[in-house]
Amino acid sequence: MKKLSRNYSGKTFIVEIVMILMGLLFLVPFYFLLVNSVKSFGDLLSNAASWPTTFEWGNYQRAWEITEFPKAFMNSLVITVVSILLIALISSMAAYRMVRHNSRFNKVLFMIFVAAMVIPFQSVMIPLVKVTGWLDLANTRTGLIICYLGFGAPLSIFLFHGFIKSVPLEVEEAAVVDGCTPYSVYWKIVFPLLKPMLVTVIILNSLWIWNDYLLPSLMLQSDALHTIPIATFALFGQYTKQWDLALPALTLGILPIIIFFLAMQKYIIEGITAGSVKG
Amino acid sequence: MSRKAWSQLGQQLFFVGPATFFFMIIVGIPFLMGMYYSFTDWNGVAGTVAWIGLDNFKAIFSSDSDYFAAFWFTVKFTAVGVVLTNVLGFVIAYVLTKPLKMRNALRTIFFMPNVIGGLLLGFIWQFIFVKGFATLGELTGWSFFNLPWLGDETTGFWGIVIVFVWQTAGYLMVIYIAALTNVPKDIMEAAEIDGASRMQVLRNVIMPLVMPAVTVCLFLAISWSFKMFDLNLSLTKGGPFKSTESVALNIYLEAFQNNRYGLGAAKAFIFFVIVALITLIQVRITKSKEVEA
C-alpha cells in the first residue's frame, strides 16, 4: 500500500529542508532591516549584510522623536479601532435588515453595495476631497473615520449578508413571541450569533485601515493627526537616503502590526479564509 | 400610514440608514460627481468649473502617451504578478499540507509580509535593492546583484514584481491551504489505489476540486496588481522617467500634482470601466469552470 509514503520519509525530509531554506529567503528582508537599523551610517554604507560592529541604539531614539512615534501610533490606533467597530456595527445592522426584510428596495440597495466593490479608489478620491471639504470633514480624525465607514460598508455588508442567510429564523421568532422588539432581537439574539463573521470583518478591515496610506494622506494635512504610514512617508521626503534614521523608523512602524499578527495569527488566518470563501 | 408601516419605516431607517448614508456621501455621490467632472476643466481651486464635453477624453486618447504607457506597464505587471503569486502561493500551500515538522512556523513566515502595508514594505525594499543588493554583489560577485536595481525600466519593473510576490503569495497560500485541506481524503486514496501517480492526482483530482479557490485567488491577485499604488509610490515613485508608473499612480499625479482634476477624473473613469470589465469577464470565465466535489 502507498500509505507508508505519508509518513516522514527521506523525500519529505528533503522537501522540508528546501522549504526551510525558502522560509529563510522570505525572512532575509527582515534581517537587512533589523541589523542595519542599529548600525552607524558609515558602517551601514560599507557593508549592509554584516552583523553590526557597534550597536547604535540612539538611531531608534532619533527615529522615535522625529516621527513622533507615540503620537502617530495613537492616531493609527484610534482611527483603526473606532472605524472597525463602527463598520462592524452598521454593516451587520444593514445586512440583517436586508436579509430579513427582502423588499424590492433592499434588493436593489444590496445590488448597489455589491457592485460598488468594483469601484477603484481612484475613481472616487478626486471629488471626495471636495465633498469632505463641504461637509467640514477634512483634516479631522472623525472625517477620516466617516470615510472608512463609507468605503468599508460594501464588503462588510456583503460578508454579513451571506452569513445571516444561514442563521435560522426560529430563534428570532421565539424571541418575538416572548415580547422582544425588533431592535432587541437584533442586539440580544442575532448580534452574538454573528461572532465568527464579526471576527472576519474586523480582521480584514483592521489590516486595511491600519496600513492605508492614500486616503489619510488626502484627508489629514495637519502634523498632529499623522498616522504611522503618513509619518513614515513624511520622514522619507524630508531625510532622503538617511538610512540610519529611516530603517529604525520603518522597524518601529511595522512592529505593532507584526506583534498583532503573531498574537492574533489564528484569527487572522481564519478570518482571511472565511472572507475569501464568500468574496 | 398604519402603525405597522411606521414601525417598518423606523426599522428600515434604523438598521439600513447609517450604512447607506455614509456609503452614499463617501462613495456614491463622489463617484457620480467624478463622472461629471470628467467632462469639465476643473483644476481643484474651486471657482470656475466649465463643461468642456469630451475634450478630456480626446486629449487622453490623442496625446497622452504617459497614460497609455502607464496602462501598458500595469497590464504587464498584472500578467506577471498574477501568474507568479498564484503559482508560488499554490506550490507553497501544496507542500505545506504535507506532514512537515516545521509546517506551522513556515506558514507564519510566508504569510507575515502580508500584514505590513505596501508603503512601508516599499521603503524597506528600496534599501535592500539599493544598498543590500550592492553588498551582496560585492560578496558573491553575481551579476544579478550588480544590476542597477530600481535605476532603469527593467529592474524597476522586476523590483516591484519581486516585492509584490513576496508580499502577496502568503495570502494566496492561506486560501489554497484551506481549499487543499478540504479535498476529501478518500477520493485521493481511491486515485492512488487505482495507480495514479502523484502528478496525476494533482492534475486530475486535486486541481478540479480547488477551482473555486483558484477563482478567488485570481480575482484577488488581479484586483491587487491592477490597482497597485502604495508599493509603486514608495519603491520607484513611477521612475525613472515615468517608466514604472501604474495607472493608479498616474491618475493620482495628474490630479494632485499637476492639479488637473478634470483630466484626472476622466482618466479615473476610464480606469473604472476597464476594472469593471475585467472583473465581469473573470467571474464569468472562472464560475463556469468550477466542479462540485
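To find a chain, count down the sequence lines: A is the first, B the second, and so on, and within it residues start at 1.
With A:N211 contributing its side chain and B:G118 its backbone, the two residues share no donor-acceptor pair below 3.5 Å. Judged by distance alone, with hydrogens and angles left aside, the side-chain atoms of A:E16 form a donor-acceptor pair with the main-chain N or O of B:K101 at under 3.5 Å. Looking at A:S123, its side chain does come within 3.5 Å of a backbone N or O of B:A268 through a donor-acceptor pair.
Looking at A:Y186, only its side chain comes within 4.5 Å of chain B, counting heavy atoms on both sides. Both the backbone and the side chain of A:F233 come within contact range of chain B, judged by heavy atoms closer than 4.5 Å. Neither the backbone nor the side chain of A:V28 comes within contact range of chain B; no heavy atoms are under 4.5 Å apart. Both the backbone and the side chain of A:I257 come within contact range of chain B, judged by heavy atoms closer than 4.5 Å. If you measure heavy-atom distances from A:L86 to chain B, you find no contacts under 4.5 Å at all. In this structure, no portion of A:L24 lies under 4.5 Å from any heavy atom of chain B. With a 4.5 Å cut-off on non-hydrogen atoms, A:F236 touches chain B through its side chain but not through its backbone.
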Would A:Y213 and B:L233 count as a side-chain contact (heavy atoms from CB on, under 4.5 Å) if you check the C-alpha gap in whole Å, the side-chain angles of each, and the deciding distance to 0.1 Å? CA-CA 10 Å; A:Y213 164 73; B:L233 183 70; 3.4 Å; yes
Verdict with supporting geometry, B:Q11 and A:H101, side-chain contact (heavy atoms from CB on, under 4.5 Å): CA-CA 10 Å; B:Q11 285 179 52; A:H101 188 84; over 6 Å; no
For B:I251 and A:M125: C-alpha separation, side-chain torsions, deciding distance, then whether side-chain contact (heavy atoms from CB on, under 4.5 Å) applies. CA-CA 10 Å; B:I251 295 169; A:M125 68 179 183; 4.1 Å; yes
Check the pair B:F123 / A:L235 against side-chain contact (heavy atoms from CB on, under 4.5 Å), numbers first and verdict last. CA-CA 11 Å; B:F123 284 135; A:L235 179 90; over 6 Å; no
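From A:L149, atom CG reaches atom CD1 of B:I26 across 8.0 Å, with rounding to the nearest 0.5 Å. To the nearest 0.5 Å, atoms CG (A:N36) and OG1 (B:T135) are separated by 7.5 Å. Remark: B:F133 CZ to A:F32 CZ distance equals 8.0 Å, nearest 0.5 Å. Rounding to the nearest 0.5 Å gives a distance of 4.5 Å between CE of A:M22 and CZ of B:F110. Here the CG-CD1 distance, from B:L100 to A:I17, works out to 10.0 Å after rounding to the nearest 0.5 Å. Rounding to the nearest 0.5 Å places NZ of B:K98 at 11.5 Å from CE of A:M19.
Using a 4.5 Å heavy-atom cut-off against chain B, the contacting residues of residues 88-96 of chain A are A:I90, A:M93, A:A94, A:Y96. Annotation: residues 261-271 of chain A contacts chain B through A:F261, A:L262, A:Q265, A:I268, A:I269 [non-hydrogen atoms, separation under 4.5 Å].
Ring geometry for A:F30 against B:W166 counts as tilted: the plane angle lies between 30° and 60°, on a 0 to 90° scale.
The heavy-atom pair separating A:P229 from B:L119 by the smallest distance is O-CD2, 3.3 Å. Residues A:I126 and B:A255 approach most closely at CD1-CB, 3.6 Å, considering heavy atoms. Taking every heavy atom of both residues into account, A:K130 and B:Y37 meet most closely at CD-OH, 3.1 Å. The shortest heavy-atom contact between A:V124 and B:P30 is CG1-CB, 3.7 Å. The heavy-atom pair separating A:I157 from B:A19 by the smallest distance is CD1-CB, 4.0 Å. Nearest heavy atom pair, residue A:A49 against residue B:L139, reads CB-CD1, 4.0 Å.
Of the listed residues (A:V131, A:V129, A:D212, A:N106), the greatest number of heavy-atom pairs within a distance under 4.5 Å of chain B belongs to A:N106. In terms of heavy-atom pairs under 4.5 angstrom with chain B, the leader among A:L207, A:T232, A:I119 is A:I119.
At most 12 non-hydrogen atoms from other residues, nucleotides or ligands lie less than 6.0 angstrom from CZ of A:F105.
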